[in-house]
Structure formats: structure tokens, C-alpha cells
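One structure is given below, encoded as C-alpha cells.
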Amino acid sequence: MATAEEKEEIFMAQAFPSQAVVVRDISFPDSAADVSACEIRQALFTQVVKKAPGVDGISFRALRLLWRWAEDRVISLVRGCIRKGFHPCTWKTAKGILLRKQGKPTYIAAKAYRVISLLSCLGKVVEKVIATWITNFCEKEDTFHRGQFGCRQGRGTSDVVAQLVAKVEKAWGTKRTALALLLDVKGAFDRVDKTQLLRRMTQVGIAGNIVR
């Protein structure tokens, strides 16, 4: 029988495999971007209040109450983090919860479970503000690939399926064969080259504090 420590080690290796970290020097642009109180409020009040809080135990419901009592403090804190390009380490510390994957014949193997990471709700507000800012900037500057549908307003799964069906029907109409290549790249986002990503962000003109 495996001990709790041995089980933890197995799940950690399965859910968070070690990655080769390549550290390269990169200079950030001097430009800076600011966010409005409206953007911060939207990032907070569009969150689902039933989401579980992180290690600090502060839920979105509590943050909404804090907004009512000290709106200016919340705005100052979020703006301060964004202006400095700083995300506190405590907001990066997650509480991992093991959940069983549905329909597995056995739950002896670690792969039969998935880990959800519960992060600080306040950190999620800052992250959502930044993500929305980057998305709006890239939409405005037309930096997205025309074939990208995920994480874009007005473009979803139904749109890409409709486009695929239209292309297939067009091919059939001209007596041609339609071929689709679908790839499921395991751990693609986990293995993104961080340095290259940051360089690309600076190349398209994203402000330095946002990149940091």
C-alpha cells in the first residue's frame, strides 16, 4: 500500500510534469498601458460567485462586498499591479483538488484523475483584466490569425464547424474529395516557449507593463 506522500508524488508527476526551462534575456518596451475602473468592475462582476476560492479563502462573493465598501481600494490594488507589471507570488499559489474522470474502468491509475487548481479570486480578477486588454488590443490591431476561433468574441465552436461544413459541401459540389486533419497536441500550452511568447508580444506592440 502506497503512503500518502508516495501518492502525492505520483499525482504531481502526472499532472505537473517537469519542463525544460530555458532562460533567455529579453528587454521589455518602456510603453505602459492603464485600465479603467469600468474594466476592473466588469472583470470582477462577470465572475461566477460560486467558484471555490484559493488558499486565502477569499471568494468572489466576498470581493463583491469589498467592492461595495471600498471600491477605490480594489481599483488602486489592481491598477498598481498592472502598472508595475507585477503579479504577487501568493496569487500564483494554487490549491490542487483531485477529481475522478468520468467513465474510467478503474481508478487505480493516476491518469484516471484530473487536478483542478484553485487560485486566488483577486488574482483572477487581475488576470481577466489583462486577458481582456490583450484580446481587445489584438482584435483592434488585427494580430490574430484569420483562422483562429478560440478565445475570440463573436467566434466560437459553431462558427468553425459551419465553416468546415461549408468547405466540405463546396468540395462535394465540384466532385472533389474533402480532407480534414485534426490534431490534439498533448500539453501544448504547458510547453509554450515563454521567452518566444514574450518576444512576440513585444513585436506586435503590447505595452511593457502588460508583457511583464
Side-chain angles (χ1 to χ4, degrees), residues 28-29 31-54 59-61 63-64 66-67 71 74-87 91-92 94 114 116-170 178 180-194 196-212:
F28 298 102
S31 56
D34 208 350
V35 296
S36 66
C38 181
E39 290 173 310
I40 298 172
R41 186 186 190 284
Q42 184 178 16
L44 171 57
F45 283 85
T46 53
Q47 302 278 3
V48 180
V49 293
K50 292 184 178 180
K51 283 186 177 180
S59 65
F60 282 116
R61 193 181 301 276
L63 288 178
R64 290 189 180 187
L66 178 60
W67 181 274
E71 173 184 334
V74 178
I75 293 174
S76 296
L77 177 60
V78 175
R79 278 181 174 169
C81 290
I82 295 174
R83 286 171 179 170
K84 295 288 186 181
F86 177 72
H87 200 70
W91 292 353
K92 301 176 186 178
R114 64 185 179 94
I116 60 170
S117 299
L118 304 182
L119 292 163
S120 167
C121 291
L122 188 53
K124 288 181 179 179
V125 173
V126 177
E127 289 178 353
K128 189 165 187 176
V129 171
I130 292 294
T132 302
W133 192 98
I134 292 175
T135 300
N136 292 339
F137 174 87
C138 291
E139 291 284 4
K140 180 181 177 182
E141 299 298 324
D142 195 26
T143 61
F144 286 127
H145 187 277
R146 61 183 179 82
Q148 179 176 336
F149 285 83
C151 301
R152 298 184 65 180
Q153 292 184 354
R155 292 191 176 198
T157 305
S158 57
D159 298 300
V160 71
V161 171
Q163 188 177 99
L164 176 61
V165 171
K167 289 185 177 182
V168 171
E169 291 180 342
K170 182 179 179 180
L181 176 62
L182 308 178
L183 301 176
D184 184 9
V185 183
K186 182 179 179 181
F189 291 102
D190 299 332
R191 291 168 173 79
V192 169
D193 187 324
K194 182 179 178 180
Q196 183 61 29
L197 175 62
L198 297 179
R199 284 178 177 167
R200 182 58 183 152
M201 291 175 71
T202 58
Q203 287 173 1
V204 299
I206 295 178
N209 63 318
I210 301 293
V211 178
R212 280 193 295 272

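The environment of CD in Glu127 is crowded: more than 12 heavy-atom neighbours from other residues, nucleotides or ligands sit within 6.0 Å. Around the CZ atom of Arg61, the shell of radius 6.0 Å holds no more than 12 heavy atoms that belong to other residues, nucleotides or ligands. More than 12 heavy atoms of other residues, nucleotides or ligands shown are found within 6.0 angstrom of CD on Gln203. Few gaps surround NZ on Lys51; more than 12 heavy atoms of other groups in view lie less than 6.0 Å from it. At most 12 non-hydrogen atoms from other residues, nucleotides or ligands lie less than 6.0 angstrom from CZ of Arg114.
In this structure, the separation between NZ on Lys128 and CG on Leu44 is 9.5 Å, given to the nearest 0.5 Å. Between the CD atom of Gln163 and the OG atom of Ser158 there is a distance of 11.5 Å, given to the nearest 0.5 Å. To the nearest 0.5 angstrom, Arg152 atom CZ is 4.0 Å from Glu139 atom CD. Annotation: the span from Ile210 atom CD1 to Ser31 atom OG amounts to 9.5 Å, rounded to 0.5 Å. To the nearest 0.5 Å, atom CG of residue Asn209 and atom CD1 of residue Ile82 are 8.0 Å apart. Between Phe45 atom CZ and Leu63 atom CG the span is 9.5 Å, to the nearest 0.5 Å.
The two residues Ala52 and Cys121 come nearest to each other via the heavy atoms O-SG, 4.4 Å. Here the shortest heavy-atom pairing between Arg64 and Val49 reads CZ-CG1, 3.3 Å. Across Val129 and Ile40, no two heavy atoms sit closer than the pair CG2-CA, 4.0 Å. In terms of heavy atoms, Pro53 sits closest to Leu118 at O-CB, 3.6 Å. Closest approach of Ile75 to Ala37, counting heavy atoms only: CD1-CB, 3.5 Å.
Side-chain contact between Thr157 and Phe149: absent, with no pair of heavy atoms (C-beta onward) separated by less than 4.5 Å. In this structure, Leu66 and Val74 have side chains that are in contact, with non-hydrogen atoms separated by less than 4.5 Å. For the pair Trp91/Val125, no side-chain contact is recorded, criterion being any heavy-atom separation below 4.5 Å from C-beta on. Ile134 places a side-chain heavy atom less than 4.5 Å from the side chain of Met201.
Remark: Arg83 pairs with Asp34 by the salt bridge (Lys or Arg N to Asp or Glu O under 4.0 Å) rule, at least two apart or across chains.
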Working note: Ile206 + Thr143, criterion side-chain contact (heavy atoms from CB on, under 4.5 Å); need CA distance, chi angles, decisive distance, verdict.
CA-CA 11 Å; Ile206 295 178; Thr143 61; over 6 Å; no
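Gln196 and Arg199 form no side-chain donor-acceptor contact under 3.5 Å, judged by distance and modelled atom types alone.
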